[in-house]
Visitor: 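Before anything else, here's the structure in question.
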Amino acid sequence: MIELENVTIQAGGYRLENISFQVASGQYAIVMGPTGIGKTTILEAICGLRSIVCGSIRIAERDVTSWKPADRNVGYVPQDLALFPTLTVQQHLEFAMRLRDEPETVRRERVSELSQVLGIADLLPRGIKGLSGGEKQRVALGRAISFQPPLLLLDEPLSALDAETRKTAQQLLKDINSRWGITVLHVTHHEYEADALAQVRLMMNRDDSGAATIISSDN
Amino acid sequence: MGGISASFILLIVLLLIADLLYTSVDDFWTAVKKPEVQAAFRLTLITCTLAAILSVVVATPLAYLLARFKFPGRWIVDTIVDIPIVLPPLVLGLSLLILFHLPIGDTNLDQWLRDTLRLEITFNWPAVVLAQFAVSCAFAVRTMRVTFEQINPRAEDVARTLGCSRSQAFLKVALPQARKGIITAATISWARALGEFGPIMVFAGSTRFRTEVLSVTVFLELSIGQLDAAVAVSLIMVAMAIVVLLVLRYFGGAGLAEWTSNNKQHD
């Protein structure tokens, strides 16, 4: 479960005020709204990369508002994927597990399972250079869920994919959500993504005073 | 326009040709076989390498700090880093000398290091390394800063969400990407240390077989009228500089342009 309560974020010249919403455990939530309204900012605040002015953030029943990103246990796939250029695909999948000192047998098992589910088993020894957009996106996804986080944040993860790959990726995201019961918060501009994936919709808009608001509705 | 530019290239080429024509192969080998020149060559290699390693070790975290974080007084740190680049070399050497001999109670830094660590700095080889490091490190910081600024910080952000502390994100994600920049910074620092003369003369002196590096050899040979030997040693330094430039060209990119634009004449 993820819950934001009266969260205010100051980001450069603009301010998001009193943002509140709740997504139940295991649900797939789509966040939509006009460009520049602060969708990415909210994701960054949830995973701890951006500090908030006030309010509280609760993940899996725990108040993580003042926690460091490393302690929040949140999987995050940014829009630009931000893969590690010096690591292989396998090293990406093992990265978080190594930080958690998972035994090698556990690492090997999980990498094998993840790479099968994501369809990247053949890519494991390869570096990031030369991978297609779809392959890179799967690697970023695998890296984000490799440590079995209760919450996965996706920032326009399908925007760089062609129509065919996007459909496959959408199905993959559904599978990940249902297979591991991960709560997903997925930012997108596209209605068809929301139609295909959303169990909950979070619409961001500006009110009369210009402040960003968020309205939650079940799909 | 082309003619003006060509005149500079011509000047450099003519300088090298003049050096080559001035000396003969026999004179060159005679100079190279001198024990003091060989000792100076060895000391140059050792001190330049130590100064370059020290510079990279110190510059890398400092450059990362300047490239990634906004903190109070950042501009002051940024300005201080540049001081050795713009400071007249003799002033730098004098400042080092004063620092190590400034009275602290009934002792001074030089004396304290000698008494406690048995490390003799002033007018010994560590002074050569320190004088070289003082300038080289500034260039290494500039090079590493450009390197880190060219690396996307998002990867480090994501690493932090995966469980890394800030220092782990630096070590596991940023540093491996900065490999070429580190090699460039080390090479630039090494080259800068090779050309150092003024601070070494003031802080380390010019004692043969003890603090004499190749740049000092050129000066000493000149001062006793041994122009042939001075030119021969100069040619060795030219050869070393060319090797450094080839290494820089090979690794290309990060830092080279920055270094070139910052590399004001020191000695």
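Throughout, a chain's letter reflects where its sequence line sits, starting with A, and its residues are numbered from 1.
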Visitor: With only heavy atoms counted, which part of D157(B) is less than 4.5 Å from chain A, the side chain, the backbone, both or neither?
Guide: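 Backbone plus side chain of D157(B), per the 4.5 Å heavy-atom cut-off to chain A.
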Visitor: Under 4.5 Å heavy-atom distance to chain B, tell me which part of L83(A) shows up: side chain, backbone, both or neither.
Guide: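 The backbone, not the side chain.
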Visitor: Select all residues of residues 58-76 of chain B having any heavy atom within less than 4.5 Å of some heavy atom of chain A, and report them by number, or 'none'.
Guide: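 Not one residue of residues 58-76 of chain B has a heavy atom under 4.5 Å from chain A.
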Visitor: Using a cut-off of 6.0 Å, state whether more than 12 heavy atoms not belonging to E109(A) lie near its atom CD.
Guide: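 At most 12 heavy atoms, drawn from other residues, nucleotides or ligands, come within 6.0 Å of this atom.
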Visitor: Tell me, for Y76(A) versus chain B, whether the close heavy atoms (under 4.5 Å) come from the side chain, the backbone, both or neither.
Guide: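 Both parts, heavy atoms under 4.5 Å.
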Visitor: Would you indicate whether L117(B), at its atom CG, is surrounded by more than 12 heavy atoms from other residues, nucleotides or ligands within a distance under 6.0 Å?
Guide: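 Enclosed: over 12 neighbouring heavy atoms sit under 6.0 Å from CG of L117(B).
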Visitor: Of the backbone (N, CA, C, O) and the side chain (C-beta and beyond), which part of A169(B) lies under 4.5 Å from a heavy atom of chain A, both, or neither?
Guide: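 Neither part.
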Visitor: Under 4.5 Å between any side-chain heavy atoms of R179(B) and T86(A), yes or no?
Guide: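 Not in contact.
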Visitor: Rounded to the nearest 0.5 Å, what's the gap from CZ on R154(B) to CD on E44(A)? Could you check?
Guide: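 That separation rounds to 5.0 Å.
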Visitor: Grab the two heavy atoms, one from L162(B) and one from L99(A), that are nearest each other, plus how far apart they are.
Guide: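 Shortest heavy-atom separation between L162(B) and L99(A) comes out as O-CD1, 3.8 Å.
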Visitor: Heavy-atom distance under 4.5 Å to chain B: side chain of R100(A), backbone, both or neither?
Guide: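 Answer is side chain: those atoms of R100(A) sit under 4.5 Å from chain B.
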Visitor: Rounded to the nearest 0.5 Å, how far apart are CG of D71(A) and OG1 of T161(B)?
Guide: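 Separation between the atoms: 12.0 Å.
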